[in-house]
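The structure appears right after this line, and notes come after that.
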Amino acid sequence: MKLKIAILPGDGIGPEITQQSVKVLKAVADRFDHQFEFEEALVGAAAIDLLENPLPDATLELCEKSDAVLFGAIGDPKYDNNPEAKVRPEQGLLKLRKELGLFANIRPVKAFDKLIDQSPLRPERIQGADMVIYRELTGGIYFGDKSTAEDGQSATDVCTYSVEEIERMAHLAFKAAQQRSKKLTLVDKANVLETSRLWRKTVTALAEKYPDVKLDFLYVDNAAMQMILDPKQFDVILTENMFGDILSDEASVIGGSIGLLASASVGDKNALFEPIHGSYPQAAHKGIANPLASVLSAAMLLDHFDLTEEAEAIRHAVEVSIQLNVCTQDINKDNHYSTEKVGDFLESLISEVDNININNENLNLGQMTII
Ligand SMILES: NC(=O)C1=CN([C@@H]2O[C@H](COP(=O)(O)OP(=O)(O)OC[C@H]3O[C@@H](n4cnc5c(N)ncnc54)[C@H](O)[C@@H]3O)[C@@H](O)[C@H]2O)C=CC1
Ligand SMILES: CC(C)CC(=O)C(=O)O
Ligand SMILES: [Mg+2]
């Protein structure tokens, strides 16, 4: 298959993790005989530094004409919360999501067996946890009118949702539930917020079209607690933009590290794949950032084009690297590998190992040496 993939590395650890994913995608293309063409563009603080614009027109055009986008992360302390800053990195990402119509952000969360013992959560609570968060991505409070009063004594962020925005999102979540264990949990704050009451009403009405799916509801404050107490109760979670943003960072604790959580941001036309974490500026250029969230996002990109075997090859390689402790320090405290070494290992697994199957006790690593 021929795919044109726009690469938007962004800021902080964005470039170094994205570089590993590109390496892995090139190995997949070689092994499975595909033609993947990559083209890079500026976004976030890197784009502000050069062009005073967090989403230059050329970047948006490249994304529009590409089959998919692989996004790193944006954000830089020199712009974040700086009252002098005229534009800020996150505006680039928000505008990109809006312009590309990426209304659904899909964030799978799963506990890796190997990491369960080192989790801050009780192993019996997370063993077998496997859920997917369907987060609405182009509406709600992140996109509402914003203002600060002239005297600086008050500020406003408006949260708006339309029935149409809720319905298109809910359809995707119901369909995902049908493919999984047929359970959908709507997380909202319908005891307080009008927008949440609209979500509940709209999703309840839509449930009639999906009689095989069991729909339940949870207030977001309770959901945040249940996520830690009993994550296995969740299968598909449907929620609005900000709640999904917060809950998925929390859910990453179940997975073992936020550096493992991938996502797909999709709309009717375009698709972008991005780790759920940010630019982790403290780690930039240190070679300590976990590239697996980005690499697993690349696997979701391949899923999107029904390249299932190829996506599985990446996921298996990731499983093997975790199984063999070829991991960065967030999940391997004692004997960790650098961001680049993890990428190299995945690349060679995909290129050189005939049967990437960790269930195969005779996993043959051939001539590969783990250094
Ligand atoms: N999608 C995006 O581009 C996002 C951008 N941001 C931006 O990122 C910047 C930093 O924000 P933070 O709140 O510190 O969130 P962050 O996600 O960048 O980092 C939070 C913590 O998560 C861990 N972490 C994150 N990525 C990791 C990785 N790949 N490997 C290992 N550990 C990792 C680190 O312990 C880090 O201190 C800000 O400018 C923020 O606006 C935040 C979230 C998403
Ligand atoms: C700009 C932010 C909304 C990014 C973020 O935290 C996210 O999408 O998870
Ligand atoms: Mg977030």
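Counting starts at 1 for both ligands and their atoms, following the listed order. Here, residue 1 is the first one in the sequence, and each next residue gets the next number.
- At a distance under 4.0 Å, a protein heavy atom can be found next to atom 3 (O) of ligand 1.
- Contact check on Glu167 versus Lys209 returns no salt bridge, with no Lys/Arg side-chain nitrogen under 4.0 Å from an Asp/Glu carboxylate oxygen.
- Taking all heavy atoms of Asp80, Thr339, Asp245 into account, the minimum distance to atom 40 (C) of ligand 1 is reached by Asp80.
- Looking only at side-chain heavy atoms (C-beta outward), Asp188 and Glu240 stay at 4.5 Å or farther from each other.
- Of all protein heavy atoms, the one closest to atom 1 (N) of ligand 1 is Leu93 CD2, 3.5 Å.
- Close contacts of ligand 2 with Arg107, meaning ligand atoms under 4.0 Å from a residue heavy atom, involve 7 (C), 8 (O), 9 (O).
- Within a 6.0 Å radius of NZ in Lys146, other residues, nucleotides and ligands contribute more than 12 heavy atoms.
- Put simply, the side chain of Val132 does not reach to within 4.5 Å of the side chain of Ile237, judged on heavy atoms.
- By heavy-atom distance, the residue among Gly278, Pro89, Pro281, Ala283 lying nearest atom 15 (O) of ligand 1 is Gly278.
- Contact annotation: for Ile13 versus ligand 1, heavy atoms closer than 4.0 Å belong to the side chain alone.
- Here the side chains of Ser321 and Leu346 are in contact, with some heavy-atom distance below 4.5 Å.
- Within a 4.0 Å radius of atom 11 (O) of ligand 1, the protein contributes no non-hydrogen atoms.
- We find that Glu319 and Lys110 are joined by a salt bridge, their nearest charged nitrogen and carboxylate oxygen being less than 4.0 Å apart.
- For ligand 2, the atoms sitting less than 4.0 Å from at least one non-hydrogen atom of Tyr142 are 3 (C), numbered in the order shown with element in parentheses.
- For Asp245, the N, O or S atom closest to the Mg ion (ligand 3) goes by the atom name OD1.
- At a 4.0 Å cut-off, at least one heavy atom of Ile258 sits close enough to ligand 1 to count as contact.
- Residue-to-ligand polar distances keep Arg97 apart from ligand 1: every N/O pair is separated by 3.5 Å or more.
- Gln20 and Thr339 are not linked by any side-chain donor-acceptor pair at a separation below 3.5 angstrom, with hydrogens and angles left out of the test.
- Distances from the Mg ion (ligand 3) show that Asp249 has no N/O/S atom below 2.8 Å.
- The shortest contact between atom 1 (C) of ligand 2 and any protein heavy atom is with Glu90 CB, 3.7 Å.
- Residue-level proximity to ligand 1 for Asp76 is carried by the backbone, the only part with a heavy atom below 4.0 angstrom.
- Within the 4.0 Å heavy-atom criterion, neither part of Pro291 lies near ligand 1.
- Contact between Ser279 and ligand 1 is present, with at least one heavy atom of the residue lying under 4.0 Å from the ligand.
- Counting protein heavy atoms only, atom 32 (N) of ligand 1 is closest to Tyr280 CE2, 3.4 Å.
- With a 4.0 Å cut-off on non-hydrogen atoms, Ile74 touches ligand 1 through its backbone as well as its side chain.
- Residue Gly259 approaches ligand 1 through these ligand atoms, each under 4.0 Å from one of its heavy atoms: 28 (C), 29 (N), 30 (N).
- Within a 4.0 Å radius of atom 28 (C) of ligand 1, the protein contributes at least one heavy atom.
- Using a 4.0 Å threshold on non-hydrogen atoms, atom 37 (O) of ligand 1 counts as touching the protein.
- Residue Asp145 qualifies as open at atom CG: its count of foreign heavy atoms under 6.0 Å is 12 or below.
- The presence of a protein heavy atom under 4.0 Å from atom 21 (C) of ligand 1 is ruled out.
- Defined by atom type and a distance below 3.5 Å, a donor-acceptor pair is missing between the side-chain atoms of Gln178 and Lys175.
- Side-chain contact between Lys26 and Glu347: absent, with no pair of heavy atoms (C-beta onward) separated by less than 4.5 Å.
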Residues Arg180, Asp130; criterion salt bridge (charged side-chain N to carboxylate O under 4.0 Å, His left out); working and verdict = CA-CA 10 Å; Arg180 293 172 54 103; Asp130 182 355; 3.4 Å; yes
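- Contacts of Arg97 with ligand 2, taken as heavy-atom pairs under 4.0 Å, involve the side chain alone.
- Against a heavy-atom cut-off of under 4.0 Å, Arg135 is close to the following atoms of ligand 2: 7 (C), 8 (O), 9 (O).
- For the pair Val28 and Ile350, the minimum side-chain heavy-atom distance is below 4.5 Å.
- Residue Asp33 qualifies as open at atom CG: its count of foreign heavy atoms under 6.0 Å is 12 or below.
- Counting heavy atoms closer than 4.0 Å to ligand 1, residue Asn290 contributes atoms from both its backbone and its side chain.
- A distance-only check finds no donor-acceptor pair linking the side chain of Asp11 to the backbone of Asp76 [under 3.5 Å].
- Residue Asp245 places at least one N or O, backbone or side chain, under 3.5 Å from an N or O of ligand 2.
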